[in-house]
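Since this is a predicted model, take the numbers as computed values, not measurements.
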Amino acid sequence: MRDEERLERLNRLWETYRLATSEPEASVNFMPEMWAKIDAARPASWAFPVIRLASRFLPLAAALALALGVYTWSPRSGSTGAGYVDMLATDLLADLGEDDLT
Amino acid sequence: MLVDYEVVKRAQSGDPAAFNELVLAYRKRILGTVFRLIGRQEDVEDVGQEVFLRLYYSLDQLRTAEVFEPWLYRLTVNAAYDYLRKQRRQPEARMADLSEEQVMAADAAVSGRQALEEKQKTQIRELVAVLLGQVSEEDRILLTLKEVQGLSLKELEAIYKVNENALKVRLFRARQRMLKAFEALEKQELKTSANRRET
């Protein structure tokens, strides 16, 4: 059987299937059970404002963290780039120099 | 739209009566879609309630009332996916589970040789369930939405959030896989008939 014929039969199958599957009616318990599930999933009353506040502050906190990260990572202007040990060594040399002079 | 945009907006603002109105308007359509997607009558209401539960808690994320229907379909598809994933480990109906009589009766109905009676409707449903059991969940859902629910490419684009070309490719591949399953079923049918003639 050629592909077109097979596709045609498949299309007919879909059509027949559509006729064979009517939309089911909901039972009388559908609405009460649905509302019970909605109520069961409802967060505690105190949690609502907390969640809302947290969701509003989340982008702000992320932006702040990013800005701090960039600030910490970037080299500061005016800095010599010398480390703590280098500074100690410079001071020591300076002290030694003064002693030698006296 | 089965309801006014105003009802959607009122439901978004937390009006339970408006939400009830939404559910009553869309309940039948959603249950029908769920039934065709999951193929199990006994679990249709559970999955349908899950869809409306998700709708209730996600309505505030809906940008405009105009996109309500694709949004609801998307929730339906996701709930059906979740259900099918949970059911994955359970044994599914296989082609070999269909009797030759069932296949022949369904085949006759498909060929339009017989009017659809209740028994044949059941056979058609079983045949399609078996065929859909041979393809992936993604294919099953896409084909059901397109071929059975009759959604347009535009509507599917809104649900799947992909462009038309990508959707056409997906549909083509899904149809090919379904055809392959159909072909395998026909081969099995021929083999069974030949065996019966020999004996």
Nearest heavy-atom neighbours spanning B:Gly32 and A:Pro24 = CA-CD, 3.6 Å
Winner by heavy-atom pair count (cut-off under 4.5 Å) against chain A, out of B:Gln149, B:Arg27, B:Arg175, B:Arg29 | B:Arg27
B:Val148 versus chain A, heavy atoms under 4.5 Å apart: side chain, backbone, both or neither?
-> both
Given the rule that I, L, V, M, F, W and Y join up when any side-chain heavy atoms are under 4.5 Å apart, are A:Leu64 and A:Phe57 in one cluster?
-> no
Hey, is the main chain of B:Leu127 close enough, under 3.5 Å, to the side chain of A:Tyr17 for a donor-acceptor pair?
-> no
Scanning both residues in full, the closest heavy-atom pair of B:Leu53 with A:Ile38 reads CD1-CA, 3.5 Å
Compute the centroid of each ring, for A:Trp35 and then for B:Phe52, and state whether the two points are separated by less than 6.0 Å.
-> no
Measure distances from A:Glu15 to the heavy atoms of chain B and classify the residue's part below 4.5 Å as side chain, backbone, both or neither.
-> neither
Under 4.5 Å, counting heavy-atom pairs only, tell me which of B:Asn20, B:Thr33, B:Ile30 racks up the most with chain A.
-> B:Asn20
Taking all non-hydrogen atoms of both residues into account, name the closest pair between A:Leu13 and B:Phe182 and its distance.
-> CD2-CE1, 4.2 Å
Between CE of A:Met31 and CD of B:Gln49, what distance do you get to the nearest 0.5 Å?
-> 10.0 Å
With only heavy atoms counted, which part of B:Gln41 is less than 4.5 Å from chain A, the side chain, the backbone, both or neither?
-> side chain
Give a yes or no on whether the backbone of B:Glu147 and the side-chain of A:Arg18 come within a donor-acceptor separation of less than 3.5 Å.
-> yes
Working to the nearest 0.5 Å, report the span between CG of B:Leu24 and CZ of A:Phe30.
-> 9.5 Å
Rounding to 0.5 Å, atoms CE (A:Met34) and CD (B:Glu50) come to a distance of 12.0 Å
Interatomic spacing from OG1 in A:Thr21 to NZ in B:Lys121 - rounded to 0.5 Å = 9.5 Å
Would B:Val169 end up clustered with B:Ile141 when hydrophobic side chains under 4.5 Å apart are linked, directly or stepwise?
-> no
For B:Arg125, is it the side chain, the backbone, both or neither that has a heavy atom under 4.5 Å from a heavy atom of chain A?
-> both
Please tell me if the side chains of B:Tyr56 and A:Lys37 come closer than 4.5 Å, counting only heavy atoms from C-beta onward.
-> no
